[in-house]
Asks: 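One structure follows; several queries about it will come next.
Order of appearance sets the numbers: ligands from 1, and atoms from 1 within every ligand.
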Amino acid sequence: MLIVGLQGSPRKKGNTDTFLAAFLDKAARTGAAVRTIQAARAGIVPCRGCGYCETHGTCVIADDPMSTEIFGLLRQADLVVAASPVYFYGISAQLKVLVDRCQTLWSRKYVYKLKDPLADTRKGLLFSVAASRGRQLFDGVDLTVKYFFDAIDARFSHAMTYRGIESRGEISRHEGLAADIDEAVAKTVLPLVKRKKILFISKDGACRAPMAAALAQQRFGDRIRTGFGALQPASGLSVPMVRAMQRAGVDMGFRRPQHVDQALYGATPDLTVIVGADDDRRMRGIPGKKTIRWSPAQPVSSEAEAMDALRMEMAAQLDTLVQEWQ
Ligand SMILES: Cc1cc2nc3c(=O)[nH]c(=O)nc-3n(C[C@H](O)[C@H](O)[C@H](O)COP(=O)(O)O)c2cc1C
């Protein structure tokens with residue numbers, strides 16, 4: 001379970017920074033893994049509006065932190081916290097730069113019609129703070145974040161907004177903040193943390209393990225959280241596998257093989273599925289937890305037809321596998 005916090009204020013230890021640190025600290029104590037992106041210091045290059053993502057599905061700016069890291073984090077996140085002060089009735093320019101770059105994810109969803117495996121379960125939470133008290137103070141922030149969450153496939157969980165707060169760190173003296181955070185964590189974070197976890201592992205984590213993890217996540221989203229890992233991670237996912245998933249409308253973009261220790265962000269899986277490596281004794285589950293060795297057929301080739309057959313076989317077998325285990 002991963003929470004990605006997007007800190008939109010350029011002010012260090014300001015109100016947004018203070019809130020986000022307190023929220024993530026509380027969330028981490030429930031077992032969630034947390035990451036903060038300091039939008040003002042991340043070095044994100046603004047969108048050029050060139051239209052490349054609408055014709056290629058990826059961003060033309062391929063070498064800044066947005067493309068090399070943040071898209072991947074947004075895809076892995078179970079909860080995204082968008083946190084920004086009100087600047088002229090909108091979010092800060094620093095956070096807006098990050099939001100605008102998510103046009104790439106918008107394109108994958110609406111132009112390419114691809115669906116992220118976590119699309120039905122990812123949540124989004126908005127935090128905002130402002131100095132004045134007007135009735136429409138947060139309307140602009142709310143609208144931008146609503147459409148941002150839609151593009152990144154996060155369901156708007158709720159908004160935490162605070163009026164009349166101006167000086168640095170003043171939010172920490174706000175009566176009721178700790179109770180608000182407790183309530184938000186209980187409502188938004190805990191149900192995600194409590195889901196059962198299934199880890200799919202394979203030798204290089206490039207083809208069958210990620211395919212199985214994505215298909216299982218889509219099928220059993222609210223009930224389980226899946227992850228995939230490898231003993232010796234390959235440098236990228238198998239391209240024929242990614243294409244086979246795209247033909248079924250599943251978006252594998254911005255995911256890469258990772259070592260088994262990093263899969264599921266340190267959480268212990270309730271079930272480990274060792275995919276297609278019966279002979280390799282180094283592949284083991286977690287002592288005391290259930291482990292299944294599963295050998296779906298090797299694809300006969302990397303041709304589209306063979307990869308589609310593998311995807312369909314896996315999808316059918318997953319239903320039985322998960323039902324038997326639960
Ligand atoms: C450039 C700028 C624009 C701002 N615009 C507004 C505004 O439109 N309405 C408002 O109530 N406060 C506005 N503020 C005040 C901040 O929202 C407020 O001080 C907030 O607590 C700052 O949060 P931070 O400490 O996380 O940066 C503005 C502040 C700055 C620096």
Asks: May I ask you to decide if Ser9's main-chain N or O and Ser92's side chain share a donor-acceptor pair within less than 3.5 Å?
Replies: no

Asks: If you look only at distance, which donor and acceptor atoms sit under 3.5 Å apart when one is on a side chain in residues 257-264 and the other is two or more places apart or in another chain?
Replies:
| from | atom 1 | to | atom 2 | distance (Å) |
| --- | --- | --- | --- | --- |
| His259 | ND1 | Asp261 | N | 3.1 |

Asks: Determine, stepwise, if the pair Trp294 / Met314 fulfils side-chain contact (heavy atoms from CB on, under 4.5 Å).
Replies: CA-CA 10 Å; Trp294 185 34; Met314 276 199 161; 4.1 Å; yes

Asks: If we check salt bridge (charged side-chain N to carboxylate O under 4.0 Å, His left out) with Arg122, which of these qualifies: Asp116, Asp153, Asp222?
Replies: Asp116

Asks: Is the closest side-chain donor-acceptor distance between Asn15 and Tyr162 under 3.5 Å?
Replies: no

Asks: Could you name the protein residues that come within less than 4.0 Å of ligand 1, counting only heavy atoms, and order them by chain and residue number?
Replies: Ser9, Arg11, Gly14, Asn15, Thr16, Pro85, Val86, Tyr87, Phe88, Tyr89, Val129, Ala130, Ala131, Ser132, Leu137, Ile165, Glu166

Asks: Can you name the one residue among Lys115, Arg243, Arg75 that meets salt bridge (charged side-chain N to carboxylate O under 4.0 Å, His left out) with Asp251?
Replies: Arg75

